[in-house]
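Everything on this sheet refers to the single structure shown next.
Read the numbers this way: they start at 1 and go in the same order the structure lists the ligands and their atoms.
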Amino acid sequence: MLTSEQISPDKIQADYAAAFTQTLGRVQAVTAEGGLVIFTCENGKLAVGRVRTGIIRIKLFAGAGPEDPIHLRTTEAVIGYDENSGGKEEELQVSDTESAYIIETDGITIEVAKHDSSLRFLNESGQIMAHNPLLAWNEDKAAAALFQATANTHYYGLGEKTGFLDKRGERYEMWNSDNFSPHVPEIDALYQSIPFLIVGEPGNAYGIFLDNPGRSVFDMRGSEQAFSIHTETGGVDYYFIAGPQIKDVVGRYTALTGRIQLPPRWSIGYHQSRYSYMDQEEVLELARTFREREIPCDVIHLDIHYMNEYRVFTFDPVRFPDPKAMIAELKSFGIRIVPIVDPGVKFDPDYHVYQEGADSGFFCMKPDGTPFIGPVWPGQSVFPDFSEAKVGEWWGSLHRFYTEMGIEGIWNDMNEPSVFNECKTIEPDTLHGNNGHPATHGEIHNLYGMMMSKATAEGMANNLDGRRPFVLSRAGYAGIQRYAAVWTGDNRSYWEHMALAIPMVLNLGLSGVAFAGPDIGGFGHHTTGELLARWTQMGALFPFCRNHSMIDTVRQEPWSFGTDVENICRDYISLRYSLMPLIYSVFREAAETGMPVIRPLLLEYPDDPHTVNLCDQFLLGDQILAAPVYRPDTYHRVVYLPEGNWFDYWTGERRQGGSHFMAHAPLDTLPLYVKEGAIIPRTAPAASTEFQRSPELLLDIYTPASGEGSFDLYDDDGTTYAFKDNSYNLYRLTVEGAEGAVTLRVHPASHGYAEGWKKWTVTFKHLRFAGCRLDFGTEAQDREELEALAEGWHFDRAAGELTVVMDQPLEDLELVVNAL
Ligand code: GLC
C-alpha cells in the first residue's frame with residue numbers, strides 16, 4: 001500500500017523532460033539517392049525516405065558528422081516498404097526555395113527548413129498536415145520530436161492504454177509492463193507498446209509511428225500547442241502517415257506493419273478460461289457442463305497448473321495423466337484446448353528444454369557472458385533470445401509437443417517478459433544477438449513478446465498440416481497483429497474495467513490489433529452475476545471473446561450465478577454464434593484492409609463532433625451499433641445514433657440518427673441498433689463453430705426507404721489455408737431502395753469454395769409495401785428456375801417482412817421487390 005509519504009517534498013522528481021539542448025541546426029548539404037534524401041546538418045544528419053504511398057520515414061542521426069555512416073535498418077514491425085522505394089525506381093527529387101528544401105512525392109510535399117532542419121508535411125492543396133518544428137537530443141542521446149497541435153487536436157491509437165478514447169491531456173510510456181496494479185488512468189504502461197499515434201484535427205488526420213522498441217514517451221499533456229515524443233535509447237525514427245481520414249491512416253499504418261491473418265473460425269467462438277482448471281477431469285466436466293446447459297463454447301484454456309512444475313512443453317503427469325485422450329474427447333464436443341506457454345524456461349539441468357537451449361546458447365546473456373536468470377512461476381528461469389531467428393525457429397519447433405496431441409492454439413503470457421525481480425523484466429544491460437546487430441535488452445525490450453509470438457505462430461503453422469494456428473499474446477509491439485490475438489491482461493471484476501475495455505480495445509483496433517478483447521467478467525477481484533451478465537453481453541460482440549478469472553476469486557463460468565444470469569450469457573453467446581457469418585466476414589475485411597473488427601463511431605462518422613470521444617458505444621463492422629450498460633442497477637442509458645436511420649435490433653423500432661435518446665435496457669437487454677440499408681448475414685447458432693456447417697444462410701435486409709447498403713459476405717472452410725488458392729466464396733451484396741421497389745443484388749466475386757451455403761433465406765425487414773411482386777432480373781441463372789424457387793416466399797404485411805427462400809447456392813442474382 002502506498003501512503004502520502006509517496007508525495008513527500010523530497011520525493012518530487014525533476015520533470016523527466018530533461019533539457020534537450022542539441023538540435024540539427026542549419027542544413028549544409030543534401031544528397032538524394034533513390035527513395036531517400038540525406039540532409040547533412042551542422043550537428044547531425046536527417047534521412048527522409050519514401051516508404052510507400054502516403055508514408056514518409058524520417059530518421060534522425062543525432063550528432064552524426066558528414067563522414068559518419070548511417071544505417072536505416074527497421075525493426076521487425078515494418079514489413080510494408082513498397083518495392084519501388086529505398087533506392088530503386090522512384091527517385092526523390094529535391095528542389096529548393098530561399099528558405100527550404102522541397103521534396104514532392106505521391107501528393108505529399110515535405111519541406112525541410114534550411115536554417116534549422118525543421119519539417120513540414122503538406123498535402124496537394126498546400127495545407128499543412130503536420131509540422132515537426134523540433135528534433136532534439138541531450139548528452140545521453142535521449143531524443144525528442146515535437147509536433148505542433150491546436151486546441152482542436154485529438155489523439156487516438158497508442159495501442160493498449162488506459163483512459164478514454166481521445167488521449168488528449170494524457171502522457172503514456174511505451175515499456176511493456178506486467179502491471180498487476182488496478183488498471184487506472186495513472187497506469188501509463190501496460191503489456192503492449194504500440195508507438196503509433198493518430199492525430200485528428202478538423203478536416204485532417206495523420207499518424208506518427210515511432211519505430212523504437214526501447215522506452216519512449218508520448219506526451220499530449222505538456223501543452224495544447226504541441227505534442228512530443230521522447231525516446232530513451234535508439235533515437236527518433238518515425239513514419240509520417242498521411243490521411244486525410246483516420247480510416248486512411250489506419251489502412252496505411254497496417255500496410256506498413258501488417259494486418260491480422262485470417263484466424264481459424266473456431267478461435268472467433270467463445271473461450272472459457274480460469275487460473276486454473278486444475279486437472280483433466282475438471283476440464284472434461286467443464287466441457288460436459290457447457291453441452292448439458294447448451295451454451296456454445298469452442299475453446300477451453302489451460303492455465304499454468306497443467307504443466308509439470310510450470311515447465312513449458314510438459315503436462316503434469318498426475319493432474320493430466322492422458323492429455324491426448326482428453327483432447328480427443330473434447331474434440332467430440334467441438335471444443336479445443338489452448339494451453340498457456342510462458343517464455344521463462346525453468347533453470348533445471350535435467351529438463352530437456354533448458355538443456356537444449358543452454359547447449360546451443362539460445363538464452364539471453366548478461367554482459368559477463370553468463371545467462372540472465374530471474375524468477376517467474378517455475379522459480380529461477382532463463383529466457384530465450386527471440387531476437388535471433390535461429391532461437392525463434394527452435395522455439396517454434398518445440399511446439400510439436402502440443403500439435404502432436406491435437407492442439408492448434410497457444411496462449412503466450414508473461415512475455416513482456418515479466419520477471420519477479422526489481423526491474424520487473426530482463427535487466428536492461430542483458431544482451432540480445434539480434435541477428436548480427438547486437439542490442440541491449442533496454443534497446444529492444446518492447447519487441448520481446450512479439451518475437452515470442454512470431455516464433456510460436458510460425459512453429460505452430462509448420463506443424464499443423466495446413467491448418468491455421470491461433471496464438472494469443474499478452475505483450476506486443478507494432479505488428480503483433482500479424483502473429484497473435486491480444487487480450488488486455490489482468491483487469492479486475494470492476495464495472496469501471498468493463499467500461500475501460502471499450503476505448504482500450506477500440507484504440508487497439510485503430511493501432512492495427514483488430515483481434516483483441518478483455519477478460520470477460522474481469523480477472524482479479526470477484527465478479528457478480530449482474531456484472532457477468534452485462535460484460536458477457538458486451539464481450540459477445542468483441543473480436544476476442546474469453547471469460548477468464550483468477551485463482552481464489554468467485555467462480556464466473558456462465559452458470560455460476562443462477563438461471564437468470566445463465567440465460568443471459570447463453571443468449572448473448574448464442575447471438576455471437578448466430579452472427580458468425582457476419583463476424584467472420586468482418587475479420588476477413590480486417591485481414592484484407594486493416595479495418596478493426598469493432599470500431600469507434602469516429603472511424604465511420606469522422607465529421608460528427610459527437611463521435612470525437614465517444615467511449616461507451618462501438619460498431620461491429622460498420623452496420624451494427626452496440627451501447628452496453630456498464631453500471632450496476634442501471635436499466636436506462638443515453639445512446640447516440642449518428643446520421644441516417646437506425647432500427648432497434650430487438651424491437652424493430654425505427655429511430656432517426658443524429659441525436660441522443662434514452663434507451664431502456666433491462667438486465668437481459670444489450671441496446672443494439674442496425675443501420676438502415678444494413679445486410680446482416682446470420683445462421684443458426686450451434687454448440688461450437690465446429691458444428692456450424694449449417695447449409696442455410698439467413699440474410700436480414702434492413703430495407704432502405706431510399707439509398708443503398710452493401711456488405712461483402714465471406715465464407716471458406718474456416719480452418720485451412722485453402723482460401724489462399726481461391727477456395728473461398730465472396731459475395732458482394734448490395735441493396736437499393738427506391739420509391740415502390742427494393743433491389744437486392746448478389747454478385748459472387750469468388751465462388752471457389754464448394755461447401756458454401758446451399759439455402760438462402762432472405763428477409764426484407766421494415767418493408768412499407770401493401771403487397772409485393774418479385775422479379776428476378778438475373779441473366780446468370782435460369783429465370784424460370786428462380787421464379788419457381790420464389791414459390792417459397794412469404795409476405796407478412798403486418799410485420800412488414802418479406803421472406804424469400806432460395807434453395808440452392810447463389811450465383812449472380814438480382815431480385816427486385818416491387819410494391820403492389
Ligand atoms: C498472468 C496472466 C493471467 C494468468 C496468470 C497465471 O497474471 O495475465 O491471465 O491467469 O498469469 O498464469
Side-chain angles (χ1 to χ4, degrees), residues 160 162 176-183 187 189-193 271-279 282-283 286 299-316 319-320 337-346 374-379 381 383 409-421 424-425 448-449 452-453 456 470-476 480 484-494 497 500-501 504-505 508 516-527 535 539 542 544-557:
E160 182 189 64
T162 56
N176 286 357
S177 305
D178 172 8
N179 207 329
F180 191 68
S181 311
H183 300 167
I187 301 277
L190 282 170
Y191 317 89
Q192 302 258 330
S193 296
H271 300 232
Q272 182 64 48
S273 186
R274 169 108 180 148
Y275 168 28
S276 298
Y277 294 121
M278 288 299 197
D279 58 39
E282 191 181 359
V283 172
L286 182 76
V299 188
I300 293 175
H301 287 241
L302 296 185
D303 210 321
I304 51 175
H305 288 96
Y306 82 86
M307 293 180 267
N308 181 0
E309 294 177 337
Y310 314 117
R311 288 176 185 84
V312 285
F313 309 102
T314 67
F315 270 88
D316 182 294
R319 296 177 204 265
F320 289 86
I337 280 296
V338 170
I340 199 167
V341 177
D342 295 345
V345 171
K346 189 175 176 67
V376 235
W377 309 125
S381 303
F383 296 82
I410 297 290
W411 169 18
N412 284 164
D413 187 24
M414 306 292 278
N415 51 346
E416 295 71 30
S418 176
V419 183
F420 304 151
N421 60 5
K424 311 288 182 216
T425 188
Y448 191 86
M452 177 188 184
S453 288
T456 306
F470 167 71
V471 179
L472 178 67
S473 180
R474 192 169 73 172
I480 180 68
V486 163
W487 99 102
T488 57
D490 295 345
N491 63 2
R492 309 253 153 124
S493 300
Y494 299 163
H497 278 189
L500 171 69
M504 191 181 272
V505 173
L508 273 164
D519 282 343
I520 292 172
F523 176 70
H525 199 60
H526 307 279
T527 202
W535 206 326
F542 267 44
F544 177 59
C545 178
R546 182 182 75 160
N547 172 323
H548 180 50
S549 55
M550 194 177 79
I551 204 160
D552 278 346
T553 59
V554 300
R555 302 296 296 213
Q556 65 181 44
E557 289 78 15

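The main-chain N or O of G449 is never found under 3.5 Å from a side-chain atom of E416 such that the two would form a donor-acceptor pair. No donor-acceptor pair under 3.5 Å is formed between the side chain of N179 and the backbone N or O of L190. At least one donor-acceptor pair closer than 3.5 Å links the side chain of T527 to the backbone N or O of G521. A donor-acceptor pair under 3.5 Å is formed between the side chain of Q192 and the backbone N or O of R474. A donor-acceptor contact shorter than 3.5 Å is absent between the side chain of N547 and the backbone of Q272.
Proximity of W411 to ligand 1 is established by a heavy-atom distance of less than 4.0 Å. For Y191, the closest heavy-atom approach to ligand 1 does not fall below 4.0 Å. Residue-ligand proximity: W487 is placed with a non-hydrogen atom under 4.0 Å from ligand 1.
The closest protein non-hydrogen atom to atom 6 (C) of ligand 1 is D303 OD1, 3.2 Å. Scanning the protein for heavy atoms near atom 8 (O) of ligand 1, the closest one is D490 OD1, 2.5 Å. For atom 11 (O) of ligand 1, the nearest protein heavy atom (residue, atom name, distance) is D413 OD2, 3.0 Å.
Below 4.0 Å from some heavy atom of R474 lie the following atoms of ligand 1, by number and element: 1 (C), 2 (C), 7 (O), 8 (O). With ligand atoms numbered from 1 in the order given, ligand 1 contributes 12 (O) to contacts under 4.0 Å with heavy atoms of I340. The H548 neighbourhood of ligand 1 comprises atoms 3 (C), 4 (C), 9 (O), 10 (O), with distances under 4.0 Å to a heavy atom of that residue.
Looking at R546 and D519, a side-chain N of the basic residue comes within less than 4.0 Å of a carboxylate O on the acidic one, giving a salt bridge.
The part of W377 lying near ligand 1 is the side chain, judged by heavy-atom distances below 4.0 Å. At a 4.0 Å heavy-atom cut-off, ligand 1 does not touch M550 at all.
One side chain, H271 or H301, offers a donor N or O that lies under 3.5 Å from an acceptor on the other.
Nearest approach of Y306 to V341, heavy atoms of both residues: OH-CG2, 4.1 Å.
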